[in-house]
Amino acid sequence: MQRPLKVGILSLYYPKGSGSGTYNCSLMAELARCGVEVHFLSPSTRQEAELEFGTQFPLARGDQGEPGRVLFHPSPNSFQCPRLVAYARADMPDGVEIEAAGDTVIASYIETMSRWVRDVSNLMRLEVLIVNHVLPLPAVASRSGIPYVVIPHGTMMTVAARAPRRFHGLMMQGLEGARKVLCLNDDVTERLRTQIRTHSPDGIVDRLSQRFVPLPQGVDSHIFSADAVLPLDAPWLNRTVPKAIWFGQILRSKGPDLAVAAWPLVFQRHPQADLTIVGRGAFSQDLTAFIEVLTTADPDRVVRFCEEKRLDELRAFYHGLQGSDREAYFAVARMIAKHVRYLGYFPQASLAGILVKHDVALVTSIAAEAAPTVIHEAAICGVVPIGIRHSGVRQELGAYADISVRGYDLAELIMVSASMREVIPDLAGKVISVFDLLAVPSDRAHIRQGLMVRAREHSWPVIAQRLLAIFSDVIAT
């Protein structure tokens, strides 16, 4: 009988509550389905792990793994170092943002983590590690003595680019020790190459680039599908009106406020259109407050709120809204109160049932994204993703750009201008155009079919087989 492959996954965060966490959760489950013995290592206490996972991922006890299972390894009670994060997280209130942490704190983190990872890897006889982010975990893995691959994603890529003098050496330490660097799309590859080329001696970028391997973003087709069932009693989701959804981490950088600000413009053309927002995060309170202020239809209050909260895209939009356009916008702003709903957080299985009730999904990140999963989660459900044309958002939308309808490529309808002044009106215009197209049954069926077929190329069973081939190559060398 063939011995099962033993893989460790190293992450800053729990496998819930963030884009990289969702990625890890799906990756672990699919590898387990392939018969891999998967071990998840993340700095958290046993009590936190039990509260977070229940029985979904059994906690590791002793030195026994099991093929086709995922074991979660909480950090030991003796683990004495802060938990470093890329940004303030509601689910990790004790997390220390890496840019605010002192060099001594970071050095202590790397030393403590690398010792723990090495001990777990040796105890469980792990053969390869999957390491998330470019900071600080690849540097941790470089000291573990275990072969590892790096998947650069998440806000840590932005952090590394924002403070290169401080973090470039640490990032390079982790990348140079990696057997492979798995790039989710061309944007990730080019951003990494640019960072390495700008701050490293000549020749290093070419040498490291030989380790770059494309590995497309994955979508959990076991959860997300057009057949997902609505998990709550929500009569408005069964109404036959145009509906859009925004879902994900409620962070300022993700731009959920842009979707809300665009809605009075959409409402002028589609006066029954609904916008649903699903998620949780540090920006939740401000987002709720903005919805309340906007629906007062008081221009001065809205502008003052945006200035106080430093919502630059909103400020630019409202300052540019003049004359009859301004009057028309605020005339309908009050009317959207019953059509914009913030539902809070739902786990993925429940989210899928909500998602399928919508026509379009809005991806409005104003900061660079590596490879947003939400685009493929929407597409595989037959929901049209519409996003801002930059970084990994543009790259992932590109998977659906060649779907043709009425002589137009879908790219013209789903990619929104990244200009600060244009983003909100262009977003509204794109939503209106897609709503109009979907109102024609034949166009709707054609677009949905095209989305679902292309999204299956990103399904985790496909990605897992590519990853297993990469592991074989890594272990052989």
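Because the structure is a prediction, the values reported are computed rather than measured. Throughout, numbering of the chain's residues begins at 1 and tracks the sequence.
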Looking only at heavy atoms, which two atoms of [X] and [Y] are closest? And how far apart?
X    : Y    : value
L12  : L137 : N-CD1, 3.3 Å
A160 : M171 : CB-SD, 4.0 Å
P82  : V96  : CB-CG2, 3.8 Å
G392 : D187 : N-OD2, 3.2 Å
V360 : V383 : C-CG1, 3.5 Å
L129 : S144 : CD1-OG, 3.8 Å

Could you go step by step and tell me if K309 and D257 meet the salt bridge (Lys or Arg N to Asp or Glu O under 4.0 Å) rule? CA-CA 11 Å; K309 299 297 181 179; D257 50 318; over 6 Å; no

Donor-acceptor check, side chain of [X] to backbone of [Y], threshold 3.5 angstrom: yes or no?
X    : Y    : value
D359 : K243 : yes
D426 : E422 : no
Y148 : G174 : yes
S225 : S221 : no
S350 : F346 : no
T364 : G255 : yes
E127 : K6   : yes
D220 : H222 : yes
Q395 : D186 : yes
R83  : P43  : yes

Hey, are R162 and E99 close enough for a salt bridge, meaning a charged N less than 4.0 Å from a carboxylate O? yes

Evaluate I277 against L343 for side-chain contact (heavy atoms from CB on, under 4.5 Å), listing each step before the verdict. CA-CA 6 Å; I277 299 171; L343 301 187; over 6 Å; no

For side-chain contact (heavy atoms from CB on, under 4.5 Å), just list the numbers for I366 and E313, CA-CA rounded to whole Å, side-chain angles, deciding distance to a tenth of an Å, and then say yes or no. CA-CA 9 Å; I366 56 176; E313 289 76 16; 3.8 Å; yes

Greater than 12 external heavy atoms within 6.0 Å of R166's CZ: yes

Are more than 12 heavy atoms, taken from residues, nucleotides or ligands other than R125, located less than 6.0 Å from that residue's CZ atom? no

Is there any side-chain hydrogen bond (donor to acceptor under 3.5 Å, both in side chains) pair reaching into residues 446-462, and which pairs are they, with sequence neighbours excluded? D402-R454

Could you name each residue pair satisfying side-chain hydrogen bond (donor to acceptor under 3.5 Å, both in side chains) that touches residues 368-380, not counting sequence neighbours? Q217-T373, K254-E369, Q348-E377, S365-E369, H376-E396, H376-Y400

With no hydrogens and no angle check, do the side chains of [X] and [Y] hold a donor and an acceptor under 3.5 Å apart?
X    : Y    : answer
W246 : T276 : no
Y342 : S284 : yes
Q249 : Y345 : no
H168 : S200 : yes

Audit row: F212, R193, side-chain contact (heavy atoms from CB on, under 4.5 Å) steps and yes/no: CA-CA 10 Å; F212 290 3; R193 286 178 59 87; 3.8 Å; yes

If I take atom CD from residue E37 and atom CG from residue L71, how far apart are they, to the nearest 0.5 angstrom? 6.5 Å

Taking the side chain as every heavy atom from C-beta outward, state whether L123 and D119 have any atom pair closer than 4.5 Å. no

Does the side chain of L468 reach to within under 4.5 Å of the side chain of Q465, using non-hydrogen atoms? yes

Audit row: L438, I447, side-chain contact (heavy atoms from CB on, under 4.5 Å) steps and yes/no: CA-CA 8 Å; L438 297 179; I447 292 171; 4.1 Å; yes

If a pair satisfies ring pair (Phe, Tyr, Trp, His ring centres under 6.0 Å) and one of its residues is in residues 113-134, list it, with sequence neighbours excluded. Y13-H133, F79-W116, H133-H153

Pick from V374, V278, L362: which one makes a side chain to side chain contact (heavy atoms under 4.5 Å, CB included) with I245? V278

